[in-house]
Structure formats: C-alpha cells, structure tokens
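Report on the following structure.
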Amino acid sequence: MKEIALYISRDSKKYAKIQVQRIKERTQILKRYPYFGQIVTFFNLKDIRQLVVGSYIIIYKVIHETQVDILTIHHSSRDLGSREIEM
C-alpha cells in the first residue's frame, strides 16, 4: 500500500489518499464474507481469491473463516506471472 500511495502521490497526493482509502474499504467485506472474492484463475486454488478496486486487484488467501491474508495488491496492467507471491 505504501508503494501504491507513493507512486500515485507523485501526481496527486489527494488521489493517493483516496485510492488507499478505497482499497481499505473494499477489504472490509472480508471480515464477514471471506470467500466473497473471485477465485484467481492464475492460481486456480479455492482459497486464493481477488477483489477488484478500480485498476487494482487485491489478492488474498483465506486461512479460515475468521482470517484472510492479503498476499499482494496488484495493478491490473502489470503481468501477474512476473510477481513473486508468497503463499
């Protein structure tokens, strides 16, 4: 999130704050519905899921009904295959 905020803030500090807030708000649904997001077809595992916020994809892993781990927040224009994502 820090890297996203820093990158966007080069052009607009206001928009950087807005984008970070949008990402945080989107993840709140996972507290009640951890399986809400779509399965990431790249991994094809039922516990690796994604939420989309504008141009960003939040990739997370459902650990159990009360815990999810955010694995990465990925810009959709970039190649997901080139990222090292620790699962």
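Just so it is clear, the structure is predicted and the values come from calculations on it, not from any experiment.
- Hydrophobic clustering (ILVMFWY, side-chain heavy atoms < 4.5 Å, transitive): V20 and I70 are in one cluster.
- The distance from the OG atom of S9 to the CD1 atom of I4 is 12.0 Å, given to the nearest 0.5 Å.
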(Q) Please evaluate residues L51 and I57 with respect to the criterion side-chain contact (heavy atoms from CB on, under 4.5 Å), reporting the C-alpha separation (whole Å), side-chain torsions for both, the decisive distance (0.1 Å), and the verdict. (A) CA-CA 6 Å; L51 294 174; I57 302 168; over 6 Å; no

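- Both M1 and V53 belong to a common hydrophobic cluster when Ile, Leu, Val, Met, Phe, Trp and Tyr are linked at side-chain heavy-atom distances under 4.5 angstrom.
- Residue-environment remark: CD (Q67) exceeds the threshold of 12 foreign heavy atoms within 6.0 Å.
- When only modelled atom types and interatomic distance are considered, H74 and T72 share no side-chain donor-acceptor pair under 3.5 Å.
- Q19 and Y15 form a side-chain donor-acceptor contact under 3.5 Å, judged by distance and modelled atom types alone.
- For Y35 (side chain) and V62 (main-chain N/O), no donor-acceptor pair under 3.5 Å exists by modelled atom type.
- Here the CZ-CD1 distance, from R49 to I58, works out to 14.5 Å after rounding to the nearest 0.5 Å.
- Of all heavy-atom pairs between A16 and A5, the closest is CB-O, 3.5 Å.
- At least one donor-acceptor pair under 3.5 Å links the side chain of T27 to the backbone N or O of K24.
- Rounded to the nearest 0.5 Å, atoms CD1 (I18) and CD (E25) are 10.5 Å apart.
- Distance alone, capped at 3.5 Å, is enough to place a donor-acceptor pair between the Y60 side chain and the G37 backbone.
- Note on V68: it does not cluster hydrophobically with I63, by side-chain heavy-atom contacts below 4.5 Å among ILVMFWY residues.
- Partners of Y56 under the ring-ring contact (aromatic ring centres under 6.0 Å, His included) rule, at least two apart in sequence or in another chain, are H75.
- Of the possible polar contacts, none joining the S55 side chain to the S76 backbone as a donor-acceptor pair under 3.5 Å is found.
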Q. How far apart are the C-alpha atoms of L45 and I39, what are their side-chain angles, what is the distance that settles it, and do they pass the side-chain contact (heavy atoms from CB on, under 4.5 Å) test?
A. CA-CA 7 Å; L45 300 168; I39 292 173; over 6 Å; no

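- Y33 and L71 end up in different hydrophobic clusters when Ile, Leu, Val, Met, Phe, Trp and Tyr side chains are linked at under 4.5 Å.
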Q | Check against side-chain contact (heavy atoms from CB on, under 4.5 Å), Q50 and F42 | A | CA-CA 11 Å; Q50 67 183 4; F42 182 82; over 6 Å; no

